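Heads up: the structure comes next, in structure tokens.
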Amino acid sequence: MEMSRKDFLRLGLAGGVALFVPAGAVACGSGVLPSGGGNNSAQGSAGTVLRSGLELPKPFQVPLPIPPVLKPVRRTGDADHYEITQRVAKAEILPGVTTEVWGYDGIFPGPTVESRRGRRTVVRHRNELGVPTVVHLHGGRTPAEHDGYPTDMIAPVSGWDDDHAHGGALARGAKTYEYPLDQPAATLWYHDHRMDFTGPAVYRGLAGFHLVRDDEEEALDLPAGERDVPLMITDRSFTEDGAFHYPSRTPSLRGQPGVEDDYMSGVLGDCVLVNGAPWPVLEVTATRYRFRLLNASNARRYRLALDPPPPGGTSFVQIGSDLGLLARPVRHERIDIAQAERFDVVVDFSRYRVGEQVTLVNELGDDGTAQVMRFVVTRRAADDSRVPDRLADVRPLTRSDATVTRELTFQRGGAEAHGMTLWTVNGKPFDPNRVDARPALGSVELWKIRTLNVEHPIHVHLAEGQVLSKGQNGRPGPYDAGRKDTVNLDNGGQAEILLRFDGYRGKYVFHCHNLEHEDMMMMSNFEVV
Ligand code: C2O
Ligand code: CU
Ligand code: CU
């Protein structure tokens, strides 16, 4: 497809905006590496490693931070009300080094919001940053006008010119998001979702946890309190003077979107942060812990394992996935986690000796990125938690539930313009005004998704998904259990996913959650009718 000049103007791409992958660029897992990148093949992820300009600290020197739980400003009969200010702040992420973050309430990760199933959560976001923002509650079953559509922006309090709103709604200075959260207990997260600029905004810090709790889950005696720990894993690169290093074409994020050519496939950092701290340490008692693993990285995928594994095996007992508890636990020695996926796991440290150090490693990484964080087993302690064989009543969807089948191909290419090649869905770049699917409210659809060129984690807003098959063997992969909102596809991979479009009518997006791909147009609309 040749894009016409008119298409360009309509998409807001006029003026040589460089949203595109140069037609000649290698964009794959074994792709381009900048000088000094070594032969690490981009470490199992689409993207290019951006090296830090300063010496990174030794791993396992700083304690794991736990993001503070946000307190409501008021509670009414059926709702909890919160306020968050998005602002620039200074943080000490690397010891002795100051890094500027864009944070929810000035912190990275943002404060954790905790909701009770069925109680409305109302969050007023005030934007004190220099650019518009959009807040999306990832995994939330949310009415369209509160879902954080990429052009429904909050203009900065300091003002913004309407012409840059791409025709979406522009709230002035603040917006109140209402979340019904009539959905099962789950680990959700919120992050920026502004059209064309999600990658750099999240990279600077606009991401936080939003946990939903309910009675069913609490009746299970899973590890709780201090033994229920959210872990947001991200990779970052730092400049010489300690800033987050991101290869934006326009570092102010007020002009041309996109990244420098070498990073079109994804931006990979060389420093792993967990809850915003480099390779941190958590002291644990010799008991069971629940870890809510979230990969909030822009482009990096991880293969997580424990080193050493516990005697007798079974490092991780998975109890939940993106959208809540599994029907039954699943045992893993390692876990592949793509961007935006969540794995809720229990690790039993009673199987280790007191004093033992257990490292959470990334088998896809090398050098610094081969390690994530460390646990130190400090002492024995009482533990009345357990992991029951039955966790939740989940009615699995079946092929015959689907009334519509769609085929979607995610690729680099299919649309070219000016010698550049776009990241596309069925050959088309994102257009806020084009709707590609109209599922009926309450219906189930079968989406056959596949990738060309590189790996892509595919995320569908609103819908509850289930992987029916992956690859050629007619079954889901080992990491696909449960209710999913993001499905990881390898390079050349394919999957059949069942999606239930429940809750609300309206226009939502689905997209690749490699944030560089998303910003460079690998996104599309569906409208629930
Ligand atoms: Cu986590 Cu549409 O995003
Ligand atoms: Cu989402
Ligand atoms: Cu992608």
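Every number for a ligand or one of its atoms is a count from 1 in the order of the listing. In this text, all values refer to a predicted model and were calculated from it rather than measured experimentally.
The Cu ion (ligand 2) is the vertex of the angle joining NE2 of H136 and NE2 of H459, which measures 170° to the nearest 10°.
Atom CZ of R450 has 12 or fewer heavy atoms from other residues, nucleotides or ligands within 6.0 Å. For R505, the CZ atom sits in a loose shell: 12 or fewer heavy atoms of surrounding residues, nucleotides or ligands are nearer than 6.0 Å.
For the Cu ion (ligand 3), the nearby protein N/O/S atoms, meaning those under 2.8 Å, are H456 ND1, C512 SG, H517 ND1. Distances from atom 1 (Cu) of ligand 1 under 2.8 Å pick out these protein N/O/S atoms: H138 ND1, H191 NE2, H513 NE2.
Geometric assessment of K428 against the ring of F430 yields a negative cation-pi assignment under the 6.0 Å and 45° thresholds. Note that K175 lies outside the cation-pi zone of Y149, set by a 6.0 Å cut-off to the ring centre and a 45° limit from the axis. A cation-pi geometry, defined here as NZ or CZ lying under 6.0 Å from the six-membered ring centre and within 45° of its normal, does not hold between R334 and F316. Geometrically, R236 engages F244 in a cation-pi contact, judged by NZ or CZ lying under 6.0 Å from the ring centre and within 45° of the ring axis.
For W189 and H459, the ring centers are positioned 6.0 Å apart or more. Ring-centre distance between F501 and Y508: not below the 6.0 Å cut-off. For an aromatic pair to be called close, the ring centres must be under 6.0 Å apart, and W447 with F510 satisfies this.
Partner of H461 under the ring pair (Phe, Tyr, Trp, His ring centres under 6.0 Å) criterion, out of H513, H146, H136: H136 alone.
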